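Let me begin by presenting the structure, written as structure tokens, before commenting on it.
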Protein chains: 2
Amino acid sequence: MKEEAAGVPEESGAPRRRGRRPGGSDTRVALLEAARTVFAERGYDGATVRMIADRAGVDPAMVNHWFGGKEKLFVAALDLPADPGAILSEALPGDPDHLAERVIARLLQVWDETGGTQLATLLQSIASHEVAAGLLREFIGRVLVHKVLSAVAPDRPELRATLAGSQMFGLAFVRYVLKVEPLASADHATIIAAVAPNLQRYLTGRLP
Amino acid sequence: MKEEAAGVPEESGAPRRRGRRPGGSDTRVALLEAARTVFAERGYDGATVRMIADRAGVDPAMVNHWFGGKEKLFVAALDLPADPGAILSEALPGDPDHLAERVIARLLQVWDETGGTQLATLLQSIASHEVAAGLLREFIGRVLVHKVLSAVAPDRPELRATLAGSQMFGLAFVRYVLKVEPLASADHATIIAAVAPNLQRYLTGRLP
DNA sequence: GTCTATACAACGATAGAC
DNA sequence: GTCTATCGTTGTATAGAC
């Protein structure tokens, strides 16, 4: 507990104005951006509300005011590095036997756009937090199964989707989070040639 | 590495003795065992030094004394929930064309032994902690590459190892951490039949 | 004037260090 | 064992938009 209210040891470089800000500024958006950055750098537990508020240049209490707590802010900030549904829709048209190649190529392209850091964050968040795990579970079940597989494969779409998801999840994790060589530095062509046949088997091949 | 299995007592209900312990007992080993249990149950951040010390029946200060801090204890404790090297060695003898089946079968057996919870926390620790990520990186590079692949496949052992690792990592994560159905509840035979051909291709098949 | 976004202070909890 | 730092959260007074 702190009782030293008399002395003023605190010196902030920039005096923050109290009360409502002038019309232009938007605390909510600033918090979301800061949250994405800080969660990306430190993970869920490592990121503190105070860090995020600092980065956004606002008071920590704003997190509660706008989002209702750290966890809710996390969920709001986890607003997808790229829209997976859109990516899959793009890959669907064309030869079904080469669907896997198109999917992997597009995913690698999107993942590498930010140097993989944004994806790494998402994966770490998913791994370390129940809420994020639930989000991914829902995504795999809904988008992957009913959007892709029902269009190309008749039998066991759920099993195919989870198998395909496990391969892509593992690939993403090893490449962008764990950064194991040589996979971390391999070019897209190599990865596509290596992984596409396996993914294709999960999607449309013969399963037990 | 194996530390001597000196009579390590279970913690439950044992009254805490004071002063120097009799010759046979080993605080270091007790802490390591306690650390494995607690890290497995709560993850890295969720596990506290006090919990571990409590479980080991020793003072928290012993963690600093013997290991120099929580992180160092973690590294020391993460010396295998089940020995992957041994598992791979067991799977090596036999028809090389069915190596993947044997590996997956054995891994599933070990993973499921604890209901998957121990594996789940290990994976989460790997995902959320730099140290653990480094450990896995080293494991994939050293054990997988030089122990398995050099015995069965001549070309690109590192790439094969990382690809195989990504598939098994993804499978483990989706099944035990994310618990996505139907993969989470699928029986071993189904998973083996589904995944083994893909893993086999990474291990010994034709690669670009 | 009313409403609300804001800043500041402090709380109880807890974990790691000494 | 004790101490200290810091966490997420809450209460409250205030400044500015409407």
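Labels below follow one simple rule: chain letters A, B, ... track the order of the sequence lines, proteins then strands, and each chain is numbered from 1. Predicted model only: the values in this text are computed from it and were never measured.
Around atom NE2 of B:His65, no more than 12 heavy atoms belonging to other residues, nucleotides or ligands sit under 6.0 Å away.
Between the side chain of B:Arg175 and the backbone N or O of B:Leu183 there is at least one donor-acceptor pair closer than 3.5 Å.
Across the interface with DNA chain C, nearest-nucleotide mapping of B:Gly69 and A:His65 shows A:His65 to be the residue nearer the 5′ end.
The residue A:Ala61 sits close to a base: some heavy atom pair falls under 4.0 Å.
Distance B:Ile52 CD1 to C:dT14 C1': 15 Å, rounded to the nearest Å. Following rounding to the nearest Å, A:Leu31 (CG) and D:dT9 (P) show an atom-to-atom distance of 13 Å. Rounded to whole Å, atom C1' of C:dA5 lies 7 Å from atom CH2 of A:Trp66. Here the P atom of nucleotide C:dA17 and the NZ atom of B:Lys70 are 9 Å apart, to the nearest Å. Note: CG (A:Asp54) to P (C:dA7) measures 12 Å, nearest angstrom. Distance CG (A:Asp59) to P (D:dG8): 13 Å, rounded to an integer number of Å. As rounded to whole Å, 14 Å separates atom C1' of C:dT4 from atom CG of A:Asp26. With rounding to whole Å, A:Glu71 atom CD is found 18 Å from D:dC7 atom P.
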For residues 192-200 of chain B, which side-chain N or O atoms pair as donor and acceptor with protein atoms under 3.5 Å away, sequence neighbours left out?
residue  : atom : partner  : partner atom : Å
B:Asn198 : OD1  : A:Arg201 : NH1          : 3.1
B:Asn198 : ND2  : A:Asn198 : O            : 3.0
B:Asn198 : ND2  : A:Tyr202 : OH           : 3.3
B:Gln200 : OE1  : B:Leu99  : N            : 3.3
B:Gln200 : OE1  : B:Ala100 : N            : 2.9
B:Gln200 : NE2  : B:Pro96  : O            : 2.9
B:Gln200 : NE2  : B:Thr204 : OG1          : 2.9

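The side chain of B:Asn64 sits closest to C:dA17 out of C:dA17, D:dT9, C:dG16. For B:Thr48, counting side-chain heavy atoms from C-beta on, the closest listed nucleotide (C:dT6, C:dG16, C:dC8) is C:dG16. Between D:dT9, C:dT6, D:dG11, one nucleotide has an atom nearer to the side chain of A:Val49 than all others, and that is D:dT9. Minimum atom distance to the side chain of A:Met62 is reached by C:dT6, of the listed D:dG11, C:dT6, C:dG16.
Residue-to-nucleotide contacts include a donor-acceptor pair under 3.5 Å from the side chain of B:Arg50 to the base of D:dT2.
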For this session: Dump the intermediate steps for side chain to side chain donor-acceptor pair (under 3.5 Å) on B:Ser185 and B:Glu181, then the final yes or no.
Result: CA-CA 7 Å; B:Ser185 313; B:Glu181 296 297 351; 2.6 Å; yes
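Between the CH2 atom of B:Trp111 and the CE atom of B:Met168 there is a distance of 4.0 Å, given to the nearest 0.5 Å.
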